[in-house]
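Only one structure is covered here, and it is reproduced in the block below.
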Amino acid sequence: WRMLIGRRELLVIGARKTDRNLQLRHDAAGVSVREDIMKLVYLDAHTIDPSGDLSWSPLRECGAELVLYPRTSPNELKEHADGAELLITNKVCLDAEILRSLPQLKYAGVIATGFDVVDVGVARELGITVTNVPSYGTNAVAQHTFALLLEVTNRVQDHATTVRNGEWSRSTDWCYW
């Protein structure tokens with residue numbers, strides 16, 4: 001399967017297990033799920049889709065059983081991650097204890113530039129692949145840098161605040177700096 005994400009192509013492989021015995025298992029809600037389908041769990045989907053209007057169809061089309069949790073508390077983590085071969089997280093921490101408790105886990109994807117939420121040493125030891133999105137915020141960081149430079153050199157916020165407080169209107173001169 002190939003998916004286009006932005007301008008990058010993502011090759012999705014391994015969504016189906018090689019063991020195709022088609023046995024059924026039951027998820028937490030008692031729904032029958034085929035054993036030959038990998039389980040992909042997004043632990044904190046709200047972080048990427050707060051308005052709820054994102055289409056998850058590209059992930060569903062990979063052939064994996066997709067389970068979305070808007071948020072996952074530390075107390076819910078083991079239950080939410082149980083049975084998943086693939087986990088996606090943004091801020092939910094995957095420490096050594098949780099990684100060791102998920103023997104079926106093969107992949108942990110961090111939807112952020114870093115991967116400090118995953119104990120990568122233990123993941124490596126267990127053969128779990130960990131990835132991140134290293135350059136998704138490059139343009140935003142550049143924009144923010146220039147915005148801060150303009151703030152420092154032009155005092156934009158100070159000016160906006162004093163105008164809102166009526167100081168410019170009360171000033172006898174065109175410029176009151």
Side-chain angles (χ1 to χ4, degrees), residues 1-18 22 24-95 97-99 101-120 122-124 126-148:
W1 289 86
R2 292 181 187 267
M3 294 189 305
L4 291 178
I5 298 179
R7 290 178 296 188
R8 297 180 187 265
E9 186 175 48
L10 172 68
L11 179 61
V12 180
I13 56 174
R16 294 193 181 273
K17 297 179 186 177
T18 56
L22 301 181
L24 296 178
R25 69 173 189 250
H26 296 281
D27 67 8
V31 176
S32 295
V33 180
R34 287 177 31 189
E35 280 290 331
D36 70 325
I37 303 293
M38 291 189 124
K39 183 176 180 181
L40 167 60
V41 175
Y42 200 131
L43 295 170
D44 50 1
H46 179 83
T47 60
I48 197 167
D49 189 22
S51 61
D53 61 355
L54 182 68
S55 170
W56 295 98
S57 59
L59 285 176
R60 286 192 169 94
E61 291 169 5
C62 290
E65 171 194 353
L66 178 62
V67 181
L68 302 171
Y69 292 103
R71 303 210 186 273
T72 298
S73 71
N75 293 337
E76 298 169 318
L77 179 54
K78 176 67 173 114
E79 179 185 346
H80 287 187
D82 194 41
E85 289 94 352
L86 313 164
L87 285 178
I88 299 176
T89 183
N90 178 261
K91 295 190 179 267
V92 176
C93 292
L94 304 176
D95 61 18
E97 180 182 351
I98 192 69
L99 291 174
S101 74
L102 301 169
Q104 74 292 345
L105 187 61
K106 296 171 178 52
Y107 170 82
V110 182
I111 307 301
T113 54
F115 39 82
D116 58 328
V117 296
V118 178
D119 187 326
V120 291
V122 170
R124 185 179 300 113
L126 297 172
I128 300 168
T129 300
V130 178
T131 63
N132 65 345
V133 188
S135 61
Y136 79 90
T138 303
N139 290 343
V141 169
Q143 288 173 332
H144 191 69
T145 300
F146 279 95
L148 291 175

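Starting from 1, each residue takes its place in the sequence as its number. Here the structure is a predicted model, which is why all the values come from computation and not from measurement.
At least one donor-acceptor pair closer than 3.5 Å links the side chain of N90 to the backbone N or O of I111. At least one donor-acceptor pair under 3.5 Å links the side chain of D49 to the backbone N or O of D53. Here the side chain of D44 pairs no donor or acceptor atom with the backbone of T47 at under 3.5 angstrom. For Q104 (side chain) and A84 (main-chain N/O), a donor-acceptor pair under 3.5 Å exists by modelled atom type. T72 places a side-chain N or O within 3.5 Å of a backbone atom of L43 that can act as its donor or acceptor partner.
Listed by chain and residue number, Y107 satisfy the side-chain hydrogen bond (donor to acceptor under 3.5 Å, both in side chains) test with T131 (two or more places apart in sequence, or in another chain). Residues satisfying the salt bridge (charged side-chain N to carboxylate O under 4.0 Å, His left out) criterion with D82, sequence neighbours excluded, are K78. Scanning for side-chain hydrogen bond (donor to acceptor under 3.5 Å, both in side chains) contacts around T138 gives an empty result, with sequence neighbours left out.
Of all heavy-atom pairs between N132 and G114, the closest is CB-O, 3.5 Å. When all heavy atoms of P134 and T113 are compared, the closest pair comes out as O-CG2, 3.8 Å. Residues S55 and S57 share a closest heavy-atom pair of OG-OG, 2.8 Å.
Rounding to the nearest 0.5 Å gives a distance of 11.0 Å between OG1 of T129 and CZ of R124. Remark: L66 CG to M38 CE distance equals 14.0 Å, nearest 0.5 Å. Residue L148 holds its CG atom at 12.0 Å from CD of Q143, rounded to the nearest 0.5 Å. Annotation: the span from L87 atom CG to L77 atom CG amounts to 8.0 Å, rounded to 0.5 Å. Here the NE2 atom belonging to H46 is positioned 11.5 Å from the NZ atom belonging to K91, to the nearest 0.5 angstrom. Distance NZ/K39 to CD/E65: 5.5 Å, rounded to 0.5 Å.
Aromatic ring orientation, H80 versus Y69: parallel (interplanar angle below 30°, classes split at 30° and 60°).
Of the residues I128, L94, I98, L99, the one that meets the side chain to side chain contact (heavy atoms under 4.5 Å, CB included) test with D119 is L99.
Under a cut-off of 6.0 angstrom, the local environment of CD in E97 is sparse, with at most 12 non-hydrogen atoms contributed by other residues, nucleotides or ligands.
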